[in-house]
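Numbers here simply count residues along the sequence, with the first being 1. The model shown is predicted, which means the values in this text are computed figures rather than measured ones.
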Amino acid sequence: MELFVNYSKMNDSLFWDSRDNGFPFSVFMPFDTLKKNAGYEKILLKANEGDSLNFIVPAKETFKQIFHKPLPFFLHDTDMIKVKVRIVSIMNTDQFAEKQKKLTEYRKDLDIQEQVNLLQYVTSHNIPTSSKQDNVYFVPEEKGSGPEVKEHSVVSIAYQGYFLNGHLFASVSASNPLQFKLGDTAQVITGLEIGIKKMREGEKAKIIIPSQLAFGDNGSSSGIVPPFTSVIYEVTMLKVSDPGK
């Protein structure tokens, strides 16, 4: 099945739409996957091409079972969310293979477009080429006077994550910071860790990261960050400590 899907809060505030989220614009669900799922997706087996269905589902359970991720910052454990699904097409394996071929060609175009968008951003914001280090742009905003971040340091950070168009997609406050040990697997995206290693306690910096060091050509598993999307993190280094202390 090829589906158009969107998710919104109960107040109809839309937070993800496959048609607005870039490549590939729709969601593909194999029959076996639908059959195994216990949630709302299993109901789609009874639908026909062209049908539209609306669901109200628990946010926490949906993100766990479908996105395999914890809730984003704007949702809470007890929240319900709305899911709207339209069945675009029902394909056999040969039709799906042809569709995938066309999407592969389109993927190449998206890669080029991302590079153009990133170059336009850094140029229009007067970010010098010298700020590009290890394939990320690191722009200091406020100096810090505390310890420098070192390999395997334990750091505590606050940050806001933006797309190049300024849209906020992630936020961690100083009152509830993210704390982790550098080098631990899958704590943060690669580009963010590269930038963090250039900081010291008390410092604020902007880190501009291309998709290959962020969420890649598939986007984030939650669907919030589209494929081939450069991202910006404004980071405050709240604390740096030795892991042995």
Side-chain angles (χ1 to χ4, degrees), residues 15-16 69-76 114-216 219-245:
F15 62 84
W16 191 81
K69 283 286 185 178
L71 287 174
F73 70 97
F74 52 82
L75 291 171
H76 303 93
E114 183 201 354
Q115 296 178 47
V116 171
N117 292 342
L118 181 55
L119 180 60
Q120 289 177 338
Y121 179 88
V122 298
T123 301
S124 64
H125 287 77
N126 299 314
I127 297 171
T129 55
S130 59
S131 67
K132 187 177 183 180
Q133 305 170 35
D134 300 320
N135 291 318
V136 305
Y137 290 89
F138 182 81
V139 184
E141 296 186 325
E142 290 184 21
K143 292 183 177 181
S145 57
E148 293 182 348
V149 175
K150 298 179 181 179
E151 199 71 32
H152 304 304
S153 290
V154 175
V155 299
S156 181
I157 62 171
Y159 67 79
Q160 290 184 308
Y162 298 91
F163 299 135
L164 297 184
N165 63 7
H167 178 74
L168 178 70
F169 69 85
S171 180
V172 172
S173 68
S175 61
N176 189 25
L178 173 64
Q179 181 175 306
F180 65 97
K181 180 181 176 182
L182 284 175
D184 281 0
T185 305
Q187 287 291 327
V188 294
I189 58 174
T190 302
L192 184 54
E193 181 161 331
I194 289 171
I196 285 171
K197 288 179 178 178
K198 304 178 188 299
M199 300 181 71
R200 66 190 311 149
E201 188 174 302
E203 185 175 0
K204 292 184 178 181
K206 178 184 290 185
I207 304 168
I208 306 167
I209 307 169
S211 65
Q212 62 265 33
L213 294 174
F215 298 96
S220 63
S221 58
S222 66
I224 294 173
V225 180
F228 296 102
T229 301
S230 298
V231 292
I232 302 167
Y233 283 85
E234 294 185 346
V235 180
T236 302
M237 183 61 61
L238 301 171
K239 187 173 180 58
V240 178
S241 58
D242 188 310
K245 296 181 180 179

Listed by chain and number, what are the side-chain hydrogen bond (donor to acceptor under 3.5 Å, both in side chains) partners of Gln179, not counting sequence neighbours?
none
If you apply the rule side-chain contact (heavy atoms from CB on, under 4.5 Å), what do you find for Ile207 with Tyr159, and how did you get there?
CA-CA 10 Å; Ile207 304 168; Tyr159 67 79; over 6 Å; no
Reported CG-to-OG distance for the pair Leu119 and Ser124, which is rounded to 0.5 angstrom
9.5 Å
What verdict does the side-chain contact (heavy atoms from CB on, under 4.5 Å) test give for Thr190 and Val136, after you've listed the backbone C-alpha separation in whole Å, the side-chain angles of each residue and the deciding distance to 0.1 Å?
CA-CA 10 Å; Thr190 302; Val136 305; over 6 Å; no
Taking the side chain as everything from C-beta on, heavy atoms only, tell me whether Val172 gets closer than 4.5 Å to Phe73.
no
Under the ring-ring contact (aromatic ring centres under 6.0 Å, His included) definition, can you give me all pairs with a residue in residues 115-145, not counting sequence neighbours?
Tyr121-His125
Measure the CG-CD1 distance between Leu192 and Ile232 for me, rounded to the nearest 0.5 Å.
13.0 Å
Could you check whether any side-chain heavy atom of Met237 comes within less than 4.5 Å of a side-chain heavy atom of Val240, counting everything from C-beta outward?
yes
What distance separates Phe180 CZ from Ser153 OG, expressed to the nearest 0.5 Å?
10.0 Å
For His167 and Asn165, the nearest pair of non-hydrogen atoms, with its separation, is N-OD1, 2.9 Å
Do any pairs count as a side-chain hydrogen bond (donor to acceptor under 3.5 Å, both in side chains) and have a residue in residues 201-215, sequence neighbours left out, and if so which ones?
Glu114-Ser211
Identified side-chain contact (heavy atoms from CB on, under 4.5 Å) counterpart of Pro226 within the set Phe215, Phe169, Phe163
Phe163
All side-chain hydrogen bond (donor to acceptor under 3.5 Å, both in side chains) counterparts of Thr123, not counting sequence neighbours
none
Using modelled atom types only, decide if a donor and an acceptor are shared between the side chain of Arg200 and the backbone of Gly146 within a distance under 3.5 Å.
yes
Go through the steps to decide whether Val139 and Ile127 satisfy the test side-chain contact (heavy atoms from CB on, under 4.5 Å), and finish with yes or no.
CA-CA 8 Å; Val139 184; Ile127 297 171; 4.0 Å; yes
Applying side-chain hydrogen bond (donor to acceptor under 3.5 Å, both in side chains), can you list everything that pairs with Asn117, at least two apart in sequence or on another chain?
Gln113
Got a second to check how far His76's NE2 is from Leu71's CG, nearest 0.5 Å?
9.0 Å
Please tell me if the side chains of Thr236 and Ile157 come closer than 4.5 Å, counting only heavy atoms from C-beta onward.
no
With rounding to the nearest 0.5 angstrom, report the OG1 to CD1 distance, Thr229 to Ile224.
12.5 Å
Side chain to side chain contact (heavy atoms under 4.5 Å, CB included) against Pro177, all qualifying residues, sequence neighbours excluded:
Ser156, Leu238
Side-chain contact, heavy-atom cut-off 4.5 Å: Lys198 with Asp134?
yes
Test item: Leu182 and Ile196 side chains (from C-beta on) under 4.5 Å apart, heavy atoms
yes
Output for pair (Ile208 CD1, Glu234 CD), nearest 0.5 Å, gives 9.5 Å
